[in-house]
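Notes follow the structure.
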Number of protein chains: 4
Amino acid sequence: MVEAVEPVGRDKRVARSQAAVLAATYELMLEGGLAGVSVDEVSRRCGVAKTTIYRHWPSRSALLLDACSQMGTAVPVPDTGGLAGDLHILVEGLADQLRAPGWPAILPSIIDAAERDPDLARAHAELHRSLMDPFLDAVEQARRRGDIRGDRDPTAVVASLVGPLFYRRWFSREPLDAAFVDQVLDVALDVAGAAARQGSTSGGGARSGPVR
Amino acid sequence: MVEAVEPVGRDKRVARSQAAVLAATYELMLEGGLAGVSVDEVSRRCGVAKTTIYRHWPSRSALLLDACSQMGTAVPVPDTGGLAGDLHILVEGLADQLRAPGWPAILPSIIDAAERDPDLARAHAELHRSLMDPFLDAVEQARRRGDIRGDRDPTAVVASLVGPLFYRRWFSREPLDAAFVDQVLDVALDVAGAAARQGSTSGGGARSGPVR
Amino acid sequence: MVEAVEPVGRDKRVARSQAAVLAATYELMLEGGLAGVSVDEVSRRCGVAKTTIYRHWPSRSALLLDACSQMGTAVPVPDTGGLAGDLHILVEGLADQLRAPGWPAILPSIIDAAERDPDLARAHAELHRSLMDPFLDAVEQARRRGDIRGDRDPTAVVASLVGPLFYRRWFSREPLDAAFVDQVLDVALDVAGAAARQGSTSGGGARSGPVR
Amino acid sequence: MVEAVEPVGRDKRVARSQAAVLAATYELMLEGGLAGVSVDEVSRRCGVAKTTIYRHWPSRSALLLDACSQMGTAVPVPDTGGLAGDLHILVEGLADQLRAPGWPAILPSIIDAAERDPDLARAHAELHRSLMDPFLDAVEQARRRGDIRGDRDPTAVVASLVGPLFYRRWFSREPLDAAFVDQVLDVALDVAGAAARQGSTSGGGARSGPVR
DNA sequence: AAGTAATCGAGACGGTACGTCCAGTCTTACA
DNA sequence: TGTAAGACTGGACGTACCGTCTCGATTACTT
């Protein structure tokens with residue numbers, strides 16, 4: 001994982017160079033995906049010598065990897081008291097992120113690389129976990145409360161929740177409109193077999209609810 | 001772009017070179033993703049001069065794109081008479097493909113490229129359509145038959161069906177086991193609000209069945 | 001020896017690039033010795049891409065070597081009929097060359113490299129031979145004519161002739177004035193044990209003759 | 001320049017570091033000539049930090065230069081009472097040194113550098129002087145004794161003596177066999193016009209031996 | 001069947017990038 | 001203060017690839 005290079009006060013220069021390099025790398029990544037990042041260009045853009053870059057990261061891949069890891073979008077775990085409310089917040093947040101530019105443009109690059117490079121696969125796993133953990137936590141918390149069926153695999157619930165969103169963002173490239181997001185949420189609650197349906201409605205608002 | 005390489009009887013040599021080039025490209029693509037394909041290597045491997053390759057494809061991207069298009073995995077539209085049966089066949093088939101090596105390893109490359117290159121985005125859209133059309137057809141046919149709720153967007157149904165599968169293959173990298181696939185199928189039928197699904201209730205639990 | 005790259009009419013570009021590269025290399029060599037030649041700088045200076053340079057010469061050394069070989073200063077063998085006259089012309093010519101800028105500034109570089117690199121040693125040997133052969137020829141011819149003692153090693157005669165000149169140019173860095181050159185010539189003729197001394201004077205003119 | 005490294009008691013550490021550095025430098029010089037010495041490698045090899053090296057020598061050249069100076073092969077001035085005897089000892093000693101590994105392998109490096117760097121030229125001059133002074137002393141002593149012709153330039157005599165030896169060692173790379181050395185000595189005595197050399201007019205052959 | 005034009009291979013060429021090594025300067029922390 | 005440790009800029013090395021180019025040798029279609 002490239003070792004965030006212990007920031008012991010040792011040398012401020014180290015910290016400054018590394019920050020500059022990572023920033024430039026991230027910028028280039030946004031512009032052209034992983035493939036659009038070249039060490040030479042990073043060096044040129046941030047004024048840090050190529051040699052210095054290679055002193056801190058053993059290879060271009062390591063640099064990319066590090067830049068990817070920093071991408072972790074910390075999402076606070078909500079606690080509305082009910083599964084529906086929690087998930088609603090989380091899903092809306094995710095949809096917002098997916099609609100924005102930024103990491104959604106890079107992720108396919110990472111996934112592609114992860115397909116072949118074990119190191120990047122590990123980085124991707126970590127990144128993914130940091131992204132999905134709040135969802136998983138919400139679901140597991142609900143299960144502990146007895147709000148959902150005990151025989152449901154929480155990861156499957158999460159899959160049914162975020163899978164369709166991801167699908168629309170990267171595969172079908174259809175818009176992530178509110179109606180779709182609501183419907184997805186609805187379905188996922190069904191999957192969870194949410195016990196107390198009445199409470200769940202509070203979360204959605206717009207949600208039409210399956211029936212009445 | 002890429003101009004379908006009209007194989008009009010023009011010259012047999014043309015056809016032969018192009019076939020050889022595409023084959024080598026495809027091979028390299030499987031080995032190392034889009035990034036693993038270099039024109040030099042393609043030339044070396046299939047014995048066709050680099051010049052010739054550039055004579056037929058304006059750029060590396062165009063070649064990749066063309067090779068990707070050939071990847072289209074033709075899926076026959078099943079017709080069991082019922083939505084559940086049709087989808088079952090389709091989903092199982094898709095899951096099988098996702099579990100196999102081959103294009104699942106390449107698709108992220110394409111999606112990544114599509115994120116920035118409009119041409120590749122178009123190619124991806126086409127590829128995607130050819131993959132998903134059978135699903136959409138099945139759903140729409142069911143709707144015409146009145147088997148599912150009319151207020152459901154067919155594309156949303158498809159998303160809830162394949163989204164979770166895709167998610168597991170590329171994002172969470174969890175196994176696509178049979179139980180998961182079954183559950184996904186169940187849920188999707190719920191989403192569709194499939195009529196007369198007495199058996200399906202097992203999936204939803206609380207869900208009292210579609211409509212009414 | 002890098003193969004002067006047969007100038008078959010194939011491609012004029014090859015000839016042109018190579019000529020430009022060698023010229024720039026030679027120029028840089030004059031300015032800074034072998035050590036002053038960098039492939040990057042050659043490329044920059046003559047407008048030939050570094051890649052192209054490496055296409056024609058496997059390494060920097062090979063390029064240097066080739067440039068050195070081209071340095072051969074063809075000296076015509078004189079024929080005044082007598083050893084003294086021949087040597088006089090040759091020695092004066094050599095002294096002139098030693099006094100001029102140009103290869104005298106580079107030769108130490110080559111000798112140094114030859115001390116460790118067998119390839120360059122070979123190149124140096126060839127260069128040296130082309131430089132000294134006229135001297136050797138003159139001496140051997142004289143021997144065939146019976147003008148000099150038969151028990152003298154021709155190479156030793158040459159050594160006694162050019163050794164002191166070389167010594168002054170590179171080792172003691174004293175000036176190569178006419179008196180010195182004359183004296184050296186005188187001595188060498190002594191070494192040769194030139195038979196007909198009277199004839200030898202014709203060559204020197206200035207030469208005061210040993211004693212009386 | 002280079003400031004003779006005054007070993008004033010200042011700090012013992014200084015002396016120790018400098019000695020270690022010079023030793024490592026000399027070692028590297030023997031292995032790969034001047035070009036084979038890199039400050040990094042010196043630092044690595046002798047455990048003295050690069051910074052420290054640059055504190056004591058302003059540049060790589062200065063270090064090389066200093067190391068070269070240490071190379072001075074002190075040659076004792078012989079005194080056999082006669083020029084022939086003195087020169088015989090000196091020349092044999094020089095030939096022995098030339099045949100050995102060590103500085104003969106480095107000198108071309110120095111000469112090359114001296115061709116362009118005035119500082120190194122000065123260092124070379126000094127080194128050269130320390131090497132040739134015994135020869136010059138012997139000749140001048142003989143002249144004072146009246147043993148040789150007064151109209152001969154002593155430096156020319158020295159040139160005729162060591163020039164051929166140097167020539168064979170570095171330029172023609174022919175062996176420095178005893179016969180050659182003897183002949184060179186013979187000739188030089190001729191040049192000197194050693195007194196009472198009735199035979200000398202003959203050039204060679206006739207020469208009845210050194211003197212007397 | 002010959003002639004003409006399309007097609008081909010071989011590979012030179014200018015560029016950009018890679019990852020390494022070295023020169024020299026500068027900073028920090030320890031004696 | 002002198003030293004070790006090592007970060008930093010900058011430049012060169014030799015390699016791989018991209019996309020363009022010129023050349024001469026094969027084809028295949030045409031007359």
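Since the structure is predicted, the reported quantities are computational estimates derived from the model, not experimental observations.
With a 4.5 Å cut-off on side-chain heavy atoms, D/W57 and D/L22 count as touching. Between A/W103 and A/C68, every side-chain heavy-atom pair lies at or beyond the 4.5 Å cut-off. Residues B/R122 and B/L65 fail the side-chain proximity criterion, which asks for heavy atoms closer than 4.5 Å.
Mapping B/R55 and D/R60 onto DNA chain E by nearest heavy atom places B/R55 at the nucleotide closer to the 5' end.
If you take CZ of B/R16 and C1' of F/dA28, they are 11 Å apart, rounded to a whole angstrom. Look at CD on D/Q18: it is 11 Å from P on F/dG2, rounded to the nearest Å. Straight-line distance from the CH2 atom of A/W57 to the C1' atom of F/dA7: 13 Å, rounded to whole Å. The separation between B/Y54 atom OH and E/dG14 atom C1' is 14 Å, rounded to whole Å. Atom CD1 in C/I53 sits about 11 Å away from atom P in F/dG14, given to the nearest Å.
Contact check of residues 20-35 of chain A against DNA chain E (heavy atom, cut-off under 4.0 Å) returns no residues at all. Using a 4.0 Å cutoff on non-hydrogen atoms, the parts of residues 39-51 of chain D near DNA chain E are D/V39, D/D40, D/R44, D/K50, D/T51, ordered by number.
At E/dC8, one or more side-chain N or O atoms of B/H56 fall inside 4.0 Å of OP1 or OP2 (strictly under the cut-off). Look at B/T52 and you won't find any side-chain N or O under 4.0 angstrom from OP1 or OP2 of E/dC8. Dashed line: the shortest gap from a side-chain N or O of A/S17 to OP1 or OP2 of F/dC8 is under 4.0 Å.
Applying the side chain to side chain contact (heavy atoms under 4.5 Å, CB included) criterion to A/A125, with sequence neighbours excluded, gives no partner residue. Every residue two or more places apart in sequence or in another chain was checked for a side chain to side chain donor-acceptor pair (under 3.5 Å) with D/R55, and none qualifies. For the side chain to side chain contact (heavy atoms under 4.5 Å, CB included) test, residues two or more places apart in sequence or in another chain that qualify with D/A49 are D/T51, D/T52. Contacts of B/D117 classified as side chain to side chain donor-acceptor pair (under 3.5 Å), with partners at least two apart in sequence or in another chain: none.
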Expected list for residues 24-35 of chain C: side-chain donor-acceptor pairs under 3.5 angstrom, two or more places apart:
unit_1	atom_1	unit_2	atom_2	d
C/T25	OG1	C/V21	O	2.7
C/E27	OE2	C/R45	NH1	2.7
C/E31	OE1	C/R45	NH2	3.4
C/E31	OE2	C/R45	NH1	2.9

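Residue pairs meeting the salt bridge (Lys or Arg N to Asp or Glu O under 4.0 Å) criterion with at least one partner in residues 101-112 of chain C, sequence neighbours excluded, are C/D112-C/R116.
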